[in-house]
Amino acid sequence: MCIAVWLWQSDPRYPLLLLLNRDEYHDRPTKPIHWWDDSCQILGGKDCLAGGTWMGCKRDGRLAFLTNVLEPNPFPSAKSRGNLPLRFLRSGKSPLEFAEEVAAEADQYNGFNLILVDICSKSMVYVSNRPKGQPASIQEVTPGLHVLSNAKLDSPWHKAQRLGKNFMQLLSKYGNAELLKKEMVEQLMRDTVKADRVRLPNTGVDSEWEFKLSSIFVDAESKQGRYGTRSSAAVTMKADGEVSIYETYLEKGVWKDHTINFQIKEA
């Protein structure tokens, strides 16, 4: 599970402002955001078990991230969802072209929400293979505020509404000042407030598990082991092409952080 909030094409200084939490079992091997040693020069975190990523980008201004859909009885033999952002970044296709490709094979994956971005062409596309039994949905993401958790884009879950409201309030405090990504992560993405039980979504999974996952920052125990937020990232893409990614991540029980900057180079 994960949650992301972003502002798209609404601030003349920052075409994209993105905050994202990645939730996963603590014993699943992971590498923090780094430049991958491959011909495509992808920048992203890495799931060392399946080989994919939850968020990645390139110097050409393309970016992709995804969240899983919270649902019971996932198929253990399904394809890895973490491979979808990598395929987009390696494909050279536009967000819409790749979304259409994914939609044609969407039933081969467990539930996912995938965001595809090309900052240079000002294109952002959302694709999801849920609800089950229906064709995959594709939509152009409109300028403005959006939140994606573990249901459809902008679903009114407690954590999504809380994060969206707090995000906009914090941005209003900054005014024209330079955004402080570390402070944004600490103030917004470490929020452990859970939903009232009457406001929990009915996803079909155990209601106690839904309750444990209902906060923005997750720290929970399950039969499979400790589960929760493993990393948080703040991504700023400026109008002049400067990209900065601040990440704080859990490594062997210790929280660490780093910042990576680069310049977009249009093809």
Side-chain angles (χ1 to χ4, degrees), residues 1-10 15-23 40 42 44 47 50 52-58 60-71 74-75 77-157 159-161 163-164 201 203-204 233 235 237 264 266-267:
M1 306 298 113
C2 300
I3 187 168
V5 60
W6 67 94
L7 194 64
W8 171 242
Q9 298 293 340
S10 294
L16 177 62
L17 301 172
L18 167 67
L19 297 177
L20 184 147
N21 273 0
R22 184 228 182 186
D23 302 335
C40 292
I42 290 170
D47 171 20
T53 188
W54 54 98
M55 191 273 287
C57 58
K58 290 182 64 178
D60 63 2
R62 291 190 301 149
L63 178 146
F65 61 92
L66 85 164
T67 69
N68 297 343
V69 174
L70 184 59
E71 59 187 359
F75 295 109
S77 60
K79 289 184 176 181
S80 172
R81 292 165 286 199
N83 193 45
L84 293 172
L86 295 183
R87 282 178 50 194
F88 169 65
L89 296 173
R90 290 169 173 163
S91 70
K93 295 184 177 181
S94 72
L96 184 57
E97 288 171 336
F98 187 76
E100 291 171 344
E101 178 180 308
V102 170
E105 57 184 57
D107 58 352
Q108 300 176 35
Y109 298 87
N110 286 314
F112 69 81
N113 299 302
L114 178 64
I115 298 290
L116 307 165
V117 183
D118 185 338
I119 199 76
C120 297
S121 64
K122 299 182 180 180
S123 173
M124 177 181 286
V125 173
Y126 165 70
V127 55
S128 177
N129 65 344
R130 290 297 182 268
K132 283 184 178 180
Q134 297 184 18
S137 58
I138 298 173
Q139 71 179 73
E140 292 275 358
V141 180
T142 57
L145 173 73
H146 297 279
V147 187
L148 182 63
S149 57
N150 307 113
K152 301 286 281 188
L153 179 64
D154 296 322
S155 289
W157 283 18
K159 63 195 298 182
Q161 292 182 322
L163 180 55
T203 64
V235 181
M237 288 187 166
I264 292 174
E266 295 189 44

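None of these values were measured; they are calculated from a predicted model. Position 1 is the first residue of the sequence; numbering continues from there.
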Looking only at heavy atoms, which two atoms of [X] and [Y] are closest? And how far apart?
{"X": "Tyr126", "Y": "Ala151", "result": "OH-O, 4.4 Å"}
{"X": "Ala99", "Y": "Leu116", "result": "N-CD1, 3.8 Å"}
{"X": "Gly111", "Y": "Arg81", "result": "O-NH1, 2.8 Å"}
{"X": "Ala64", "Y": "Phe88", "result": "CB-CD2, 3.8 Å"}
{"X": "Asn110", "Y": "Ala78", "result": "ND2-CB, 3.6 Å"}
{"X": "Leu153", "Y": "Val147", "result": "CD1-O, 3.8 Å"}

[X] side chain near [Y] side chain, heavy-atom distance below 4.5 Å:
{"X": "Ser91", "Y": "Glu97", "value": "no"}
{"X": "Arg62", "Y": "Val117", "value": "no"}
{"X": "Val127", "Y": "Gln139", "value": "no"}
{"X": "Met124", "Y": "Gln9", "value": "no"}
{"X": "Lys122", "Y": "Pro15", "value": "no"}
{"X": "Met55", "Y": "Val235", "value": "yes"}
{"X": "Asn21", "Y": "Cys2", "value": "no"}
{"X": "Trp157", "Y": "Asn150", "value": "yes"}

Steps toward side-chain contact (heavy atoms from CB on, under 4.5 Å) verdict (Lys79, Leu84):
CA-CA 10 Å; Lys79 289 184 176 181; Leu84 293 172; over 6 Å; no
* Asked: Is it true that Arg87 and Glu101 have a side-chain N and a carboxylate O under 4.0 angstrom from each other?
  -> yes
Donor-acceptor pair, distance only, cut-off 3.5 Å: does the side chain of [X] make one with the backbone of [Y]?
{"X": "Ser10", "Y": "Leu7", "value": "no"}
{"X": "Lys93", "Y": "Phe98", "value": "no"}
{"X": "Asn83", "Y": "Gly52", "value": "no"}
{"X": "Arg22", "Y": "Ile3", "value": "no"}

Going from [atom1] on [X] to [atom2] on [Y], what distance comes out if it is rounded to the nearest 0.5 angstrom?
{"X": "Trp6", "Y": "Phe65", "atom1": "CH2", "atom2": "CZ", "answer": "4.0 Å"}
{"X": "Gln108", "Y": "Ser80", "atom1": "CD", "atom2": "OG", "answer": "13.0 Å"}
{"X": "Leu63", "Y": "Leu18", "atom1": "CG", "atom2": "CG", "answer": "6.5 Å"}
{"X": "Asn129", "Y": "Tyr109", "atom1": "CG", "atom2": "OH", "answer": "9.5 Å"}
{"X": "Cys40", "Y": "Leu86", "atom1": "SG", "atom2": "CG", "answer": "9.5 Å"}
{"X": "Leu96", "Y": "Ile138", "atom1": "CG", "atom2": "CD1", "answer": "6.5 Å"}

**Report entry** Step-by-step side-chain contact (heavy atoms from CB on, under 4.5 Å) determination, Ile115 to Leu148
**Finding:** CA-CA 9 Å; Ile115 298 290; Leu148 182 63; 3.9 Å; yes
Output, in order, the C-alpha distance, side-chain angles, deciding distance and verdict of side-chain contact (heavy atoms from CB on, under 4.5 Å) for Asp154 and His146.
-> CA-CA 6 Å; Asp154 296 322; His146 297 279; 2.8 Å; yes
| request: Using the side-chain contact (heavy atoms from CB on, under 4.5 Å) rule, take Asp60 and Ile264 through it: C-alpha gap first, then chi angles, then the decisive distance, then the call. | output: CA-CA 6 Å; Asp60 63 2; Ile264 292 174; 6.0 Å; no
Q. For residues Asn113 and Thr67, is any side-chain donor paired with an opposing acceptor at under 3.5 Å?
A. yes
Mark yes or no: Arg130 above the aromatic ring of Phe112, with NZ or CZ under 6.0 Å from the six-membered ring centre and no more than 45 degrees from the axis.
no
